[in-house]
Amino acid sequence: MSGAHPRLAIITGADSGMGKATAELLATEGFDVGLTFHTDESGAEDTRAGIERRGGRCFVTRQDLKSPDTGDVIDELAGQLGGVGVLVNNAGTGHSDMALDLSYDRWREVLATDLDGPFLCAQRAARLMVKAGDGGRIINVTSVHEHLPRLGAVAYCTAKAGLGMLTKVLSLELAEHGVLVTSVAPGEIATPMTGKDESEAFGVSRPGNPVGRPGHVNEVASVIAFLASPRSSYVTGTSITVDGGLSNMAAHGHDMADSGWRQV
């Protein structure tokens, strides 16, 4: 085990938002990148162009995280890259359904996308890293809802909490091989998934957030890039929350003026 993992990264869901920002930042730091998309091929090609402008090689492929064969995509991209030193499990989905109204099909879709798929990708990447013997990094993008419940998001919260525990277990099992496993738990970030443009990160007021605004994708990407680097060589099995302090505000809800929070 050399401890110097190769600067070869695979990032799922890098066609927009945090995945795109992470891919471009890692390219700036000397990584070649394999990236996946689900439906937005043009977005993925735009990310590819950004990586190549920064001097990195880039390979792109479609991925359906709900498929039991989704791990094959990791092997494919690693083969094109010449290995894998970093996996960023970024792709995911959400929903807005109260538990009593949530269909089983929707429950399974969210769990498969946000938990089953990331497990299969992590398993496949870890096998490649262990076989290569150079260590590596697996970084799972969860959410503040890895730690905190949210009304109308029972499947999403359950999946993200599960992904957080998967992170901890994998960190125990893989440390002896030099593979470090962490999670990054963003709060509200201005992305297409939250219905906001990146520019709105600094122009939307969030009085209930200590920082007072949503986060920018680069603020998450910078944390992921740290975890992907040799600078994080003693960090594993932990979750880093990137939420402007929002998760510290729970005790301030007791004096709300009304019970409007009960509605999705």
Side-chain angles (χ1 to χ4, degrees), residues 8-67 69-81 84 86-96 109-110 112-114 116-118 120-122 125 139-143 156 159-160 163 184 186-204 214-225 228 242:
L8 304 170
I10 296 174
I11 306 170
T12 67
D15 49 289
S16 66
M18 294 180 289
K20 177 182 175 65
T22 299
E24 293 181 347
L25 179 54
L26 289 184
T28 300
E29 297 192 352
F31 280 79
D32 294 328
V33 180
L35 62 91
T36 76
F37 69 95
H38 185 210
T39 58
D40 185 7
E41 185 172 5
S42 64
E45 289 299 330
D46 186 65
T47 304
R48 185 210 295 266
I51 290 168
E52 292 177 346
R53 283 196 302 271
R54 290 163 172 82
R57 294 183 301 138
C58 182
F59 302 93
V60 177
T61 190
R62 184 181 180 277
Q63 182 179 41
D64 182 358
L65 286 170
K66 301 185 299 298
S67 168
D69 299 321
T70 196
D72 292 347
V73 170
I74 304 302
D75 286 338
E76 175 189 341
L77 289 171
Q80 293 171 315
L81 287 165
V84 58
V86 174
L87 169 69
V88 182
N89 266 322
N90 169 73
T93 191
H95 70 99
S96 297
E109 180 183 6
V110 175
T113 303
D114 290 354
D116 298 348
L120 293 170
C121 292
I139 303 160
N140 296 316
V141 179
T142 58
S143 165
Y156 180 78
K160 293 301 186 178
L163 188 54
V184 173
E188 182 192 9
I189 309 297
T191 68
M193 185 172 173
T194 61
K196 296 176 187 64
D197 184 79
E198 291 178 17
S199 62
E200 295 183 79
F202 303 100
V204 175
H216 191 278
V217 290
N218 289 340
E219 294 173 309
V220 180
S222 63
V223 175
I224 296 173
V242 187

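All values below come from the heavy atoms of this structure, side chains included, with hydrogens, waters and symmetry mates left out.
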Notebook entry, point to check: For residues 214-225, which residue pairs qualify under side chain to side chain donor-acceptor pair (under 3.5 Å), counting only residues two or more places apart or in two chains?
Noted result: Arg213-Glu219

Next item on the list: Would you confirm whether Arg62, through its side chain, and His38, through its main-chain N or O, come within 3.5 Å as a donor-acceptor pair?
Entry: yes

Item checked: Main-chain N/O of Val217 paired to Lys20 side chain as donor or acceptor, under 3.5 Å -> no

Notebook entry, point to check: Ignoring hydrogens and geometry, is there a side-chain-to-backbone donor-acceptor pair from Thr61 to Thr36 under 3.5 Å?
Noted result: no

Item checked: For Ser67, all residues meeting side-chain hydrogen bond (donor to acceptor under 3.5 Å, both in side chains), sequence neighbours excluded -> none

Check: Distance from Leu35 atom CG to Thr47 atom OG1, nearest 0.5 Å?
Finding: 6.0 Å

Note to self: Quick check against the 3.5 Å criterion: does Thr113 have a side-chain atom that pairs as donor or acceptor with the backbone of Thr93?
What the structure shows: no

Item checked: Heavy-atom donor-acceptor pair, Thr70 side chain to Asp64 backbone, under 3.5 Å -> yes

Check: Does the distance from a Lys or Arg side-chain N to an Asp or Glu carboxylate O, for Arg54 and Glu24, drop under 4.0 Å?
Finding: yes

Check: Can you list the residues that meet the salt bridge (charged side-chain N to carboxylate O under 4.0 Å, His left out) rule with Glu52, with sequence neighbours excluded?
Finding: none

Next item on the list: Give, for atom OG1 of Thr12 and atom CD1 of Ile74, the distance between the pair rounded to the nearest 0.5 Å.
Entry: 7.0 Å

Margin query: Taking the side chain as everything from C-beta on, heavy atoms only, tell me whether Arg57 gets closer than 4.5 Å to Leu8.
Written below: yes

